[in-house]
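Note sheet for the following structure.
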Amino acid sequence: MRIARAVIGLLALAALAGCNSPTYGGGGGGGGGGGGGGGGPAGEIVVGNILFKSAHNGSQNPAIDTVAVGSTVTWTWTATGSVAHSVESEGSSSFASSAIQSGEGKTYSVTFNTPGTYSYDCAVHGTAMRGTIVVR
């Protein structure tokens, strides 16, 4: 099991090395679902240059966070330069999508009052930038 995890980790690092995009956010490894790492609070997502990254657990593309019903999730544009991005709701559990915007420090927030799994991507970059919010 450890060898398989090490191989997967090395493959992920190799894929990231070819991206030309810097690393963002806090927190260490950890898997999806908001249970892993120790960065920022669940529900804070970094919109980077062609990535969504959980500030809580470090997961990215897909960024996966688990939040409590009634929580507000905030996406923050960080080191995106003039490249435009958005938060576009996908699937049957949906939320209001953001406008396409560019610029350092832009934010978009959604309060999730209904349990469910909410998928999203970037309207500009499609599935190259994606994430999931699990509301319990």
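For clarity, every value in this text was computed on a predicted model and none was experimentally measured. Below, all heavy atoms of this structure are taken into account, side chains as well, without hydrogens, waters or symmetry copies.
Side-chain N or O atoms of Thr80 include none that pairs as donor or acceptor with a backbone N or O of Trp77 at under 3.5 Å. Side-chain atoms of Ser86 come within 3.5 Å of backbone atoms of Ala123 as a donor-acceptor pair (strictly under, hydrogens ignored). Looking only at distances, a side-chain donor or acceptor of Asn57 sits under 3.5 Å from a matching main-chain atom of Ile64. Looking only at distances, a side-chain donor or acceptor of Glu104 sits under 3.5 Å from a matching main-chain atom of Ala79.
Contact detail for Ser102 and Ser82: the closest heavy-atom pair is CB-O, 3.7 Å. Across Gly70 and Asn113, no two heavy atoms sit closer than the pair CA-OD1, 3.6 Å. The minimum heavy-atom distance between Ala84 and Ile100, with the atom names listed, is CB-CG2, 3.6 Å. Of all non-hydrogen atoms in Val134 and Arg136, the two that sit nearest each other are CG1-NE, 3.6 Å.
Scanning for ring-ring contact (aromatic ring centres under 6.0 Å, His included) contacts around Phe95 gives Trp75, Phe112, with sequence neighbours left out. Among residues two or more places apart in sequence or in another chain, the side chain to side chain donor-acceptor pair (under 3.5 Å) test is passed with Thr107 by none.
Between Val87 and Phe52 the shortest side-chain heavy-atom distance falls below 4.5 Å. Annotation: side chain of Asn49 is in contact with side chain of His85 (closest heavy-atom distance under 4.5 Å). You'll find the side chain of Ile45 reaches within 4.5 Å of the side chain of Val73, heavy atoms only. Using a 4.5 Å heavy-atom threshold, the side chains of Thr132 and Thr117 count as touching. Val67 is listed as a side-chain neighbour of Ile133, based on a closest heavy-atom distance under 4.5 Å. Using a 4.5 Å heavy-atom threshold, the side chains of Lys53 and Asn61 count as separate.
Under the side chain to side chain donor-acceptor pair (under 3.5 Å) criterion, no residue pair touches residues 91-101, with sequence neighbours excluded.
Connection of Ile50 to Tyr120 is established within a shared hydrophobic cluster, with ILVMFWY side chains joined at heavy-atom distances below 4.5 Å, either directly or through further cluster members. Both Val69 and Tyr118 are assigned to one and the same hydrophobic cluster, defined by single-linkage of ILVMFWY side chains at heavy-atom distances under 4.5 Å.
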request  = Give the intermediate values and the outcome of side-chain contact (heavy atoms from CB on, under 4.5 Å) for residues Val47 and Met129.
outcome  = CA-CA 9 Å; Val47 180; Met129 289 179 69; 4.0 Å; yes
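Between atom CG of residue Asp121 and atom CD of residue Glu90 there is a gap of 4.0 Å, rounded to the nearest 0.5 Å.
One side chain, Asp65 or Ser54, offers a donor N or O that lies under 3.5 Å from an acceptor on the other.
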